[in-house]
Amino acid sequence: MSCKQTIADKQEINFKQHFEALTDFFLGELLPNEQASLSYHAEDTYFLRMNHAKVRQNGFVRQADMSITLYKNKRTYSFAQGLSCILEQDKDDLAAALEDARNTIAQLPEDPYQSIPEAKDRSETMYDGELLPQAAIEKTLLEPVADLDFAGLFSQGILCRGSANTAGARHWFQTKNFTLDYSIWLKNGRAVKGLYADRNWQQAEYEKRIADARQSLQVLALEPKKIEPGKYRAFISANALVDVVEFFSWNGFGERGMQQGESAYLALKEGREHFADTFNLIQDFSIGVEPAFNSEGEAAPEKLTVIQNGKLVNTIVSSRSEKQYGTKANGAEAGEGFRSAVIGAGSLAEADALKELGTGIYISNFHYLNWSDPATARITGMTRFACLWVENGRVVAPIADMRWDESLYNMFGANLLALTKERKLFVETSTYEERAVGGCFLPGILVKDFNCTL
């Protein structure tokens, strides 16, 4: 159950007070031999779905839930409870869920690597924003694109995360933001894709993005050029690079994956491979897209350097991995995913990207990415949307979609020619079950010998 409401019955709720009250209640219900960690998720979101520059669906989603891990008699059990946002009802539901958890945990085997949270830190991080007035949203978004086949999803509102444990940790993160994930289509089936996300809506910035998209559409109206399989000089924009970031988590930089031989970057850790001296990668929560604390109430460093001058200096380590492998934890979630990824800037001005590319491919978007050989950090994917053929620094034509297959040791290593000075902030747009937090801050990159296969 969740506290989803319609526009008609929408009322304000203080999620932080709700979290604090439920946390105090639940921790007070625990027996002396029970310990727990709690993770609270909530949102109050307005959404608008569009295509052909018309409204197809809009409404509100208000929801909250709590995930709990119970530790008792060397046993560990995790469960989740949807919340109604009616305090007394939620207390009753949590009490009933706790009794069910006690019955279940008694039947489980002992957990040899149980890691009971010991963190006692407390924090509160809140980001305000200037969002569009609800009454102006449709006009603001759709009037500038009324003559275009404009499709997308707009969402705005408050996102909240809370975390606590029996050791005394208590954390709160809240942000107010918007995301507009859109594409603009031509009748020939080609399209320009864009993402505009921030905490403060700026009309001039939105109109500039639409004007840039109109220019790109003129190029996409031309006959696409079919390029032959081979290796090409390529400029990979930040909009395309964002899809590569998930591979820092999936078979990525987590300590457990390294220890168990599942990481694609094991050769990097062992010194058999390296990235370029100009490549730097950090986990940086100061970009403000997600909390630094995890679901067990442990706070990660605001900034953690993972790759410095092409070499691995830190992995992402959970408290469970610390107990199992002896490597000091750094506030990671149990899955040891990479959060708030930031790639360091370079010296290439974005305005000079086409000139420096010379002749080759300008890549605006990737899709359908997957590992093709994790042992060599090789991934495969497709080009999509406004990917262009460039000759002597000038755009000639769009390219027909191509499959590519390339090792990240090449892309960020031997074949990396330059990174842009400018970087772009990307905010997570996933809405599976809830609006997700997260994002990254990325440059574009210029590479040689980018391997297009068919």
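This chain uses plain numbering: 1 for the first residue, then up along the sequence. Predicted model only: the values in this text are computed from it and were never measured.
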Any chance the side chains of [X] and [Y] put a donor and an acceptor closer than 3.5 Å?
X      : Y      : value
Ser295 : Ser163 : no
Ser319 : Glu296 : yes
Arg384 : Asn365 : no
Asn410 : Ser407 : no
Ser318 : Glu336 : yes
Thr380 : Ser372 : no
Tyr196 : Gln202 : no
Glu350 : Thr420 : no
Ser84  : Asp90  : yes
Glu255 : Ser321 : no
Glu43  : Gln63  : yes

Which pair of heavy atoms, one from [X] and one from [Y], lies closest together, and at what distance?
X      : Y      : answer
Gly297 : Asn165 : CA-ND2, 4.0 Å
Pro301 : Phe285 : O-CD1, 3.5 Å
Val390 : Gly358 : CG1-O, 3.3 Å
Thr315 : Asn330 : O-ND2, 2.9 Å
Gln156 : Leu131 : OE1-CB, 3.5 Å

Which word best sums up how the rings of [X] and [Y] line up, parallel for under 30°, tilted for 30 to 60°, or perpendicular for over 60°?
X      : Y      : answer
Phe253 : Phe248 : tilted
Phe26  : Phe79  : tilted
Phe247 : Trp371 : perpendicular
Phe366 : Trp404 : tilted
Tyr409 : Tyr265 : perpendicular
His18  : Tyr40  : perpendicular

Are the charged groups of [X] and [Y] less than 4.0 angstrom apart, N to O?
X      : Y      : answer
Lys421 : Asp352 : no
Lys193 : Asp181 : yes
Lys91  : Glu29  : no
Lys176 : Glu130 : no
Arg75  : Asp111 : no
Glu290 : Arg435 : no

(message) Consider ring-ring contact (aromatic ring centres under 6.0 Å, His included). Of Tyr206, Phe47, Tyr46, Trp201, which one does Phe178 pass it with?
(response)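 Testing each of Tyr206, Phe47, Tyr46, Trp201 against Phe178, the sole residue satisfying ring-ring contact (aromatic ring centres under 6.0 Å, His included) is Trp201.
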Tell me whether the centres of the aromatic rings in [X] and [Y] are closer together than 6.0 Å.
X      : Y      : answer
Trp389 : Tyr362 : no
Phe293 : Trp172 : no
Phe154 : Tyr182 : no

Which distance, rounded to the nearest 0.5 Å, do you find between the [atom1] of [X] and the [atom2] of [Y]?
X      : Y      : atom1 : atom2 : answer
Asn239 : Ile236 : CG    : CD1   : 12.5 Å
Ser115 : Glu322 : OG    : CD    : 7.0 Å
Arg56  : Asn51  : CZ    : CG    : 4.5 Å
Ser237 : Lys424 : OG    : NZ    : 6.5 Å
Asn200 : Asn177 : CG    : CG    : 10.0 Å

(request) May I ask you to test the Val427-Cys440 pair for a side-chain heavy-atom distance under 4.5 Å? (result)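 Contact flag for Val427/Cys440 side chains = no.
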(message) If you define the side chain from C-beta out and look only at heavy atoms, does anything of Arg256 sit under 4.5 Å from Arg320?
(response)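 Contact flag for Arg256/Arg320 side chains = yes.
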(request) Count the heavy atoms belonging to other residues, nucleotides or ligands that lie under 6.0 Å from CD of Gln324, then report whether that count exceeds 12. (result) yes
(message) Surrounding NZ of Lys269 (heavy atoms of other residues, nucleotides or ligands, distance under 6.0 Å), is the total greater than 12?
(response)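 Count over threshold, so yes.
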Between [X] and [Y], is there a donor-acceptor pair closer than 3.5 Å when you use the side chain of the first and the backbone of the second?
X      : Y      : answer
Arg122 : Gly168 : yes
Asn451 : Asp405 : yes
Ser249 : Phe338 : yes

(request) Assess Arg199 against Tyr127: is NZ or CZ under 6.0 Å from the centre of the six-membered ring, and within 45 degrees of the ring's axis? (result)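 Yes.
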